[in-house]
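Have a look at the structure below, then the notes.
Letters go in sequence order (proteins before strands), and every chain restarts at 1. This is a predicted model, so every value here is computed, not measured.
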Protein chains: 2
Amino acid sequence: MDRLIEAIDNTQNPSVVGLDPTEALVPPQVVASFADEVRDSVESPEELESAQLAVAYFEYNRTIIDAIADIVPAVKPQIAMYEALGPAGVDIYTMTCEYANQQGLYVLGDIKRGDIGSTAAAYAHHLNGVGDFDPWHEDAVTVNPYLGTDGITPFVEAATEADKDIFVLVRTSNPSSSELQMLDLADGTKVYEHVADLVEGWGAETIGDHGYSRVGAVVGATHPEEGKALRARMPHTFFLVPGYGAQGGTAADVAGMFDEQGSGAIVNSSRGIIGAWKKSGKYSESMTADEALGLVADSARQAALDMRDNLRVAVYR
Amino acid sequence: MDRLIEAIDNTQNPSVVGLDPTEALVPPQVVASFADEVRDSVESPEELESAQLAVAYFEYNRTIIDAIADIVPAVKPQIAMYEALGPAGVDIYTMTCEYANQQGLYVLGDIKRGDIGSTAAAYAHHLNGVGDFDPWHEDAVTVNPYLGTDGITPFVEAATEADKDIFVLVRTSNPSSSELQMLDLADGTKVYEHVADLVEGWGAETIGDHGYSRVGAVVGATHPEEGKALRARMPHTFFLVPGYGAQGGTAADVAGMFDEQGSGAIVNSSRGIIGAWKKSGKYSESMTADEALGLVADSARQAALDMRDNLRVAVYR
């Protein structure tokens, strides 16, 4: 986790921007501007919509990356948004990761993969590539713990080999997360606490210069008390904290998930940053695609600065 | 689940062939035969290996599909094996799904996705596509339950819209699966039993003509007693049963996961079918690529027939 921690130190900003484009988040004139370019490249008329969205997503992501690369340490593209468009979207996901990497950002691939041993080893190539070829350009990926240790170990090994990291789901930010994660176990703990203990153990052999292992945990901003307790329970586990902003989490909610030095966590905001243009009051349908992208950039940068400043006040005590 | 159940009835064969190619499973002369074709299409020399494997995987899959399409109802490509090669591999995954579909097979995409509500809705486009465009060509996908109901509902809705199905992980076949799934809850049940009850509920509104819902469950062949108990606990839930063959499960082990009519489950074998050529005793390094693929085909067909016959004896009582 050292590379991420150092990137956070360099920017004095423990936040990560979620690159989760949707049709509703990209200004329509940007999507429309790619109509001609795409028409010649698709094999059938049905593909037109997804192909057009895919190229628009890349332009939108590039605009946002350029607007924030000097003030945030990391981005977190959510692969689901790209898979929604089919393989053309997956191409855009990897191009986005590559471009963000080239701009010096740590790329956290939110892929939430998880499977049994040999299959997990195949997924782990997200981190260690194929020979010298790194098709995914991710610095870390998120992983699901439901399969247990043999589904996690291949990711830890690949991360170690490639100087990368993973983040395991522990306590997610969504409303239904409690259905499984909060169940009371016979030994008096809860399911997510048991998972937390497993995660701390999975990372034990990979603790870096800053005291955190390569195996992080996903802990939702919407659970401030549990997050604070997990901070104490998992002293060597770095937290990825989703659920800030649009999902309801505040800087005060996440403060307890940081350690006494103001390290130990990175907070994600997606819509709050990349969709800030929609709340700017400055958008108009008559804007050109370039004007709309300019507004996306300015709004995203301002929202990222606001988030940084709010976190600095709450966290760097 | 009606389409799958009818395909099983038509073949009198409750088995699914896992299309999980790896470098070790594809005869080396088949991989080598694509060296020239690939060299001109890659952007950098580092990509050569993965690009060559990707086209070899498709040729291998097509050979196996052609060899078994008349005797099995379904195939289950494991997307991890394709993602291991990067986006080029993902393209091959969708081409494999499409080809299998064209040959009349029900395609069960083993993608084990799972995320919070809005993100799950993005993943659910695996099932309902983008407008009229279906880029993935899957008839069902596997889903992870760790996020709870709001991570599942979008898949159920997309499946209903597109006349497709999902299978939720309940009790997986791998050794470490017990670490979470077998934990004792305070109410006397185990975690996987609680998940089983959720799954039965998630499907309740989608029960089809044959008495099973669109929400199936993944129950490993390596847990025969638990599988039998789950069969009784989940009367409207169809089972996908991995872990047969190479992972140790036998026809006797899975018999209890079927209902009294011999329906209610489909059993997967991957390596036992697609890697049968390696145990045939007939392979030689001097074979041409076509000869090697011929052996792959003959061995896969024979292994699929053997599995079918073993299951028929054990299941159709």
If you count heavy-atom pairs under 4.5 Å with chain B, which of [options] comes out on top?
options                      : value
A/Q78, A/H125, A/R113        : A/R113
A/P135, A/G188, A/G151       : A/P135
A/A80, A/G86, A/S173, A/S178 : A/A80
A/V191, A/T22, A/D91, A/D115 : A/D115
A/L53, A/T149, A/D20         : A/T149
A/S118, A/S50, A/P45, A/S44  : A/S50

Flag, side chain of [X] to backbone of [Y], donor-acceptor distance under 3.5 Å:
X      : Y     : value
B/N268 : B/G18 : yes
B/K278 : B/A24 : yes
B/Q52  : B/V31 : yes
B/Y57  : B/E23 : yes
B/E83  : B/G89 : no

- Message: Less than 4.5 Å apart, side chain to side chain, heavy atoms only: is that true for A/I166 and A/L127?
- Response: yes

- Is B/L19 close to B/Y82 at the side-chain level, that is, under 4.5 Å between some pair of heavy atoms? yes

With only heavy atoms counted, which part of [X] is less than 4.5 Å from chain B, the side chain, the backbone, both or neither?
X      : answer
A/N144 : side chain
A/L198 : side chain
A/T119 : both

- Classify the ring geometry between A/Y123 and A/F155 as parallel (under 30°), tilted (30 to 60°) or perpendicular (over 60°).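 Rings of A/Y123 and A/F155: parallel, as their planes differ by under 30°.
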
Below 4.5 Å from any heavy atom of chain A, which atoms of [X] appear? Answer side chain, backbone, both or neither.
X      : answer
B/T94  : side chain
B/P145 : both
B/D132 : both
B/V170 : backbone

Who among [options] has the most heavy-atom pairs with chain A under 4.5 Å?
options                        : answer
B/P175, B/P242, B/G131, B/G117 : B/P175
B/L147, B/D184, B/I111, B/V90  : B/L147
B/T142, B/T172, B/L169         : B/L169
B/V130, B/I116, B/D150         : B/D150

- Message: Here's a test for you: under side chain to side chain contact (heavy atoms under 4.5 Å, CB included), which of B/D197, B/V215, B/V143 qualifies with B/W202?
- Response: B/V215

- In this structure, are over 12 heavy atoms from other groups packed under 6.0 Å from A/E46 atom CD?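 Yes, the 6.0 Å shell around CD holds more than 12 heavy atoms from other groups.
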
- Do you see a donor-acceptor pair shorter than 3.5 Å between the side chains of A/S176 and A/N174?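 The answer is no; no qualifying pair exists.
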
